[in-house]
Amino acid sequence: MRLSHHFGTTLRQAPAGTEAISHQLLLRAGYIRQLGQGLFSALPLAKRALTKIENIIREEMDAIGGQEMLMPVVHPAEVWQATGRWYSIGAEMARFKDRKDRDLVLAMTHEEVVADLCKTEIRSYRQLPQLVYHIQTKFRDDPRPRAGLIRVREFTMKDSYSLDADEAGLDQQYRAHYQAYFNIFNRCGVPAIAVGSDVGMMGGSAAHEFMYLTPVGEDTLVLCRHCGYAANRQIARFAKPAAAPEPLQPLQKVATPNCKTIEDLANFLGVPKRKTAKAVFMLAGHEEESGTREEFVFVVIRGDMEVNETKLANALHADWLRPATDDEIRAVGAVPGYGSPVGLKNVTIVVDDAVPASPNLVGGANEEGYHWLNTNTPRDYVPSLVAEIAAAGDGDACVQCGQPLYTARGVEVGNIFKLGTRYSAAIGATYLAADGTEKPIVMGSYGIGSGRLLACVAEEHHDDKGLVMPITVAPYQVHLIALAGADARVADAAEGMYRALRDAGIEVLYDDRAESPGVKFADADLMGMPIRLTVSAKSLRASGVEMKRRDRAEGVIVPASDLIARVRAEIGTLFDEIAAKVVPVPFR
RNA sequence: CGGGGCGUGGCGCAGUUGGUAGCGCGCAUCGUUUGGGACGAUGAGGUCGAAGGUUCAAGUCCUUUCGCCCCGACCA
């Protein structure tokens, strides 16, 4: 491609209001342009890179038995109603009506459609296992898109769906994806780690997220250096420090004026926070066919811990949670700041599992200015539910090895879910087993966002001058610069090399513009092709062309007669360097 | 949805107590220049996000509204 007719200009300065490096560089280098909030066009450079990423994904999916197909972006509401997600998903799903006033949705994902297809395509266990996938547009009306391509509303995702007769088959396909995903990210030059994660709106029994660690990431991960424990904060567990056993003491009311927070209370009474019980009031929302149902929830957790809302919502099977208002708290007979489960009736009380194990905690008295000493459950109040609902954070002890955990930020570049039979059962996607019984297909769902992955490539591979694209993802392998000026010999030589490179099947971006050398070098650095070739009067005097890797400071002069062979060798070396990173990863 | 910020040529920005809109880069033409964002000359390009209001007069003041960014809530 000739740069003189290339669609997409470079920008000397990044547009205002861009923070993430990947956002700035992809914009400045002319890869992407923003159309609206969370809506981006991929210009030719980005499109070529995305195609390469998608082809890597195709190769790895095909290698584990995937069959590529294509499902629609617009779905009738019925399939989403059948699984209940029409009701449980809120404004994040874009809905509209067709001319016949029928409800339609823009696809956020395709479990429903796959399950629907299975109704007709899968009849017998003899057809299983299978793996289908597609690379298709998704739309999720995210409340807050951010950081360029890292979090958008419309995006392209590879989503695959495994179909199995039983859990063992699912487990096998799940593990195959686990390794295939590492291969994909390594081939794209994005170092990723797998962490245990929440199943979220997908439902199901287990899930991993593949995270690229970076401060611009929006997920918080809880990690252990010692044993490798890794989990999304949403589900991260930790070893709770055991409370010293002591005999239960009788309840005793004490005056605690102006002690509305655990901090105040602990200071006022001179007790450590872990000897207190904190009351947190939430409303749990349940989206049902008949409408929204809200349930008041009284949460009790030790004062030295915080509630993890994802864990709490999961324990309650709630679709969402919100904090209760003071009026709602009073309505159940509790007092904001002095709330106590003691003596409350007809209220759902959820207790963190550390609370029953911690004797004689200071708790509210449901009376302004008073707390109880020595509250104990179940002696003084009976929980509706005891669950593990505390949030893990920096310094907490690892559940596996007891060493201190730390937190880091990451971008989710892929995820894998064991769905089980939730969708197949709801939609009626069944098969006949060997024993003649009809059983729901056991499904798995696996996603990778290609645009987000491109953003992570840019985030990982850049320097102060611009992008440094890995050979596997780079839009072009070679960036050929002609420093011709008025020198027709240089121009002719460059034209000849451009043709020869193309004829050799090498992807080359050719800067044939009448720009000054500084501009050409700066643009080449910005756009980030892995190999730069410079033809000039100077290089011709050395009877050759300068070849320089984007990731190296120095170039070499290669003889024009050897050009194709030398470029091919360099491309080979670059591919080999990437291939060396593609290694087996133990499942955990 | 809460908090904060920003909307002025393609990009980055200035615009004072209201007085008829400017700078740098980029773009076009011509000439000079060609190994790290060259130089000169000439030129094109703006309903100042939108609507309403105040005023003799609004980029500037008031009201409303839209868009975008950041933090939080939320979330694959």
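Here is the naming used below: chain letters follow the sequence lines, and residue numbers restart at 1 for every chain.
Pairing for B:rA73 is absent, with no Watson-Crick or G-U wobble pair whose two atom distances lie under 3.5 Å. Pairing of B:rG37, defined by two Watson-Crick or G-U wobble distances under 3.5 Å, is not identified with any nucleotide. Using N1 to N3 plus N6-O4 or O6-N4 for Watson-Crick, or N1-O2 and O6-N3 for G-U wobble, each under 3.5 Å, B:rU65 pairs with B:rG49. In this entry B:rG19 has B:rC56 as its Watson-Crick or G-U wobble partner, both defining distances falling under 3.5 Å. For B:rA14, there is no paired nucleotide, since no Watson-Crick or G-U wobble pair has both relevant distances below 3.5 Å. Here B:rA44 sits opposite no nucleotide as a Watson-Crick or G-U wobble pair (both hydrogen-bonding atom distances under 3.5 Å).
Of the candidates B:rG37, B:rG24, B:rG35, the closest approach to any side-chain atom of A:Ala522 belongs to B:rG37. For A:Val519, counting side-chain heavy atoms from C-beta on, the closest listed nucleotide (B:rU34, B:rA38, B:rG24) is B:rA38. The nucleotide whose nearest atom lies closest to any side-chain atom of A:Gln34 is, among B:rC68, B:rC27, B:rG36, B:rC68. Proximity note for A:Pro143 (side chain, C-beta onward) versus B:rG36, B:rC27, B:rA73: the nearest is B:rA73. Closest to the side chain of A:Lys465, from the set B:rC11, B:rC71, B:rG36, is B:rG36.
B:rC68 and B:rU29: their C1' atoms are spaced 36 Å apart (whole Å). Spacing of P atoms, B:rU42 relative to B:rU47, comes out at 25 Å, to the nearest Å. Nucleotides B:rG26 and B:rG10 place their C1' atoms 7 Å apart, quoted to the nearest Å. The gap from the P atom of B:rU64 to that of B:rC70 amounts to 26 Å, rounded to the nearest Å. Of the P atoms belonging to B:rG4 and B:rG18, the separation is 26 Å, rounded to the nearest Å. B:rC23 sits 26 Å from B:rU32 when the C1' atoms are compared, rounded to a whole Å. Going from the C1' atom of B:rC74 to that of B:rG59 covers 37 Å, rounded to whole Å. For the C1' atom pair drawn from B:rC39 and B:rG7, the interatomic distance equals 35 Å after rounding to whole Å.
Residue A:Thr534 is in base contact, counting any heavy-atom pair closer than 4.0 Å across all strands shown. Within 4.0 Å of A:Ala147, counting heavy atoms only, lie sugar-phosphate atoms of the nucleic acid but no base atom. Looking at heavy-atom distances under 4.0 Å, A:Thr18 makes no contact with the nucleic acid at all. Among the atoms of the strands shown, none is found under 4.0 Å from any heavy atom of A:Asp487. Within the nucleic acid shown, A:Gly36 comes within 4.0 Å of sugar-phosphate atoms alone, with no base atom in reach, counting heavy atoms only. Using a 4.0 Å heavy-atom distance criterion, A:Arg28 is classed as a base contact. Within 4.0 Å (heavy atoms only), A:Ala14 reaches sugar-phosphate atoms of the nucleic acid but no base atom. Among the protein residues, A:Gly518 comes within range of the sugar-phosphate backbone only, with heavy atoms under 4.0 Å from sugar or phosphate atoms but none that close to a base. Nucleic acid contact for A:Arg532: base, since at least one base atom lies under 4.0 Å from a heavy atom of the residue.
The ring pair (Phe, Tyr, Trp, His ring centres under 6.0 Å) with A:His208 is formed by just one residue from the set A:Phe587, A:Tyr181, A:Phe182; it is A:Phe587. The only option from A:Leu3, A:Val535, A:Leu509 that meets the side-chain contact (heavy atoms from CB on, under 4.5 Å) definition with A:Leu480 turns out to be A:Val535.
Atom pair A:Gln13:CD and B:rG12:C1' shows a separation of 4 Å (rounding to whole Å applied). The distance between atom CG of A:Leu27 and atom P of B:rC68, rounded to the nearest whole Å, is 15 Å. Going from atom CD of A:Glu515 over to atom C1' of B:rG35 covers 15 Å, rounded to whole Å. Between the CG atom of A:Leu26 and the C1' atom of B:rC11 there is a distance of 17 Å, rounded to whole Å. Distance, A:Glu19 CD to B:rC69 P: 11 Å, rounded to whole Å. The nearest whole Å value for the distance from the CG atom in A:Leu35 to the P atom in B:rC69 is 12 Å. Put simply, CZ on A:Phe40 is 11 Å from C1' on B:rC69, counting in whole angstrom units. Atom CZ in A:Arg513 sits about 15 Å away from atom P in B:rG37, given to the nearest Å.
Looking at A:Gln37, its side chain has no donor and acceptor atom pair within 3.5 Å of the base of B:rG67. Within 3.5 Å, a donor on the side chain of A:Ser536 pairs with an acceptor on the base of B:rG35, or the reverse.
The aromatic ring centroids of A:Phe298 and A:Phe281 lie less than 6.0 Å from each other.
OP1 or OP2 of B:rA38 lies within a sub-4.0 Å distance of a side-chain N or O belonging to A:Ser516. Checking the phosphate oxygens (OP1, OP2) of B:rA73, no side-chain nitrogen or oxygen of A:Arg144 falls inside 4.0 Å. Contact between the side-chain N/O atoms of A:Arg146 and the OP1/OP2 oxygens of B:rC71 is found at a separation under 4.0 Å.
Checking A:Glu412 against A:Arg12, the closest nucleotide of RNA chain B that is more toward the 5' end is the one next to A:Arg12. When each of A:Ala514 and A:Leu526 is assigned the nucleotide of RNA chain B with its nearest heavy atom, A:Ala514 is the one assigned upstream, toward the 5' end.
With rounding to the nearest 0.5 Å, the separation of CZ in A:Phe210 from CD1 in A:Ile193 is 10.5 Å.
A donor-acceptor contact shorter than 3.5 Å is absent between the side chain of A:Lys158 and the backbone of A:Glu54.
Between A:Leu45 and A:Tyr476, some side-chain heavy-atom pair lies under the 4.5 Å cut-off.
Contact check on A:Asp141 versus A:Arg153 returns a salt bridge, with a Lys/Arg side-chain nitrogen under 4.0 Å from an Asp/Glu carboxylate oxygen. Classification of A:Glu111 and A:Arg85 as a salt-bridged pair holds, one side-chain N sitting under 4.0 Å from a carboxylate O.
The shortest heavy-atom contact between A:Leu170 and A:Ser162 is CD1-OG, 3.7 Å.
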